[in-house]
Amino acid sequence: MPLDFSQDCRCPACLKEIVKEKIAEYLQNITPDNASTAIAKNYVTSSQPIEGIDYYLNQDGQFVLTAW
């Protein structure tokens, strides 16, 4: 996601929170009609998934993928 230069802190924890907010906003606006041309396709990488953004562990320790 593009950086927001008005953001004071860019540490990993703060960036993760901002990215999660941006993803939530994005997911509210995605529809089947615009999904194939959505901006998210530009951010698909082969890197490792990020806990708290791409997945989380539930209370039973199970790996749960997010909507992102």
Side-chain angles (χ1 to χ4, degrees):
M1 302 278 172
L3 287 176
D4 178 0
F5 290 102
S6 66
Q7 182 181 341
D8 292 336
C9 182
R10 294 190 184 104
C11 74
C14 290
L15 282 176
K16 185 184 283 188
E17 289 306 312
I18 294 297
V19 168
K20 286 171 38 175
E21 290 172 15
K22 297 279 187 186
I23 288 171
E25 289 173 18
Y26 171 78
L27 290 175
Q28 288 178 353
N29 297 313
I30 197 74
T31 66
D33 293 332
N34 67 9
S36 64
T37 59
I39 194 169
K41 68 181 180 172
N42 297 327
Y43 298 104
V44 175
T45 67
S46 61
S47 65
Q48 295 295 320
I50 300 170
E51 185 173 1
I53 293 178
D54 299 308
Y55 73 94
Y56 63 92
L57 298 175
N58 69 12
Q59 61 194 26
D60 297 324
Q62 295 172 320
F63 187 83
V64 181
L65 296 175
T66 67
W68 175 249

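Numbers here are sequence positions counted from 1.
By the 6.0 Å contact criterion, OH on Tyr56 is open, its count of non-hydrogen atoms from other residues, nucleotides or ligands being 12 or less.
In this structure, Leu57 and Phe63 have side chains that are in contact, with non-hydrogen atoms separated by less than 4.5 Å.
Here the side chain of Asp60 pairs no donor or acceptor atom with the backbone of Gln62 at under 3.5 angstrom.
The minimum heavy-atom distance between Glu51 and Lys16, with the atom names listed, is O-NZ, 2.7 Å.
From Asp54, atom CG reaches atom OG1 of Thr66 across 6.0 Å, with rounding to the nearest 0.5 Å.
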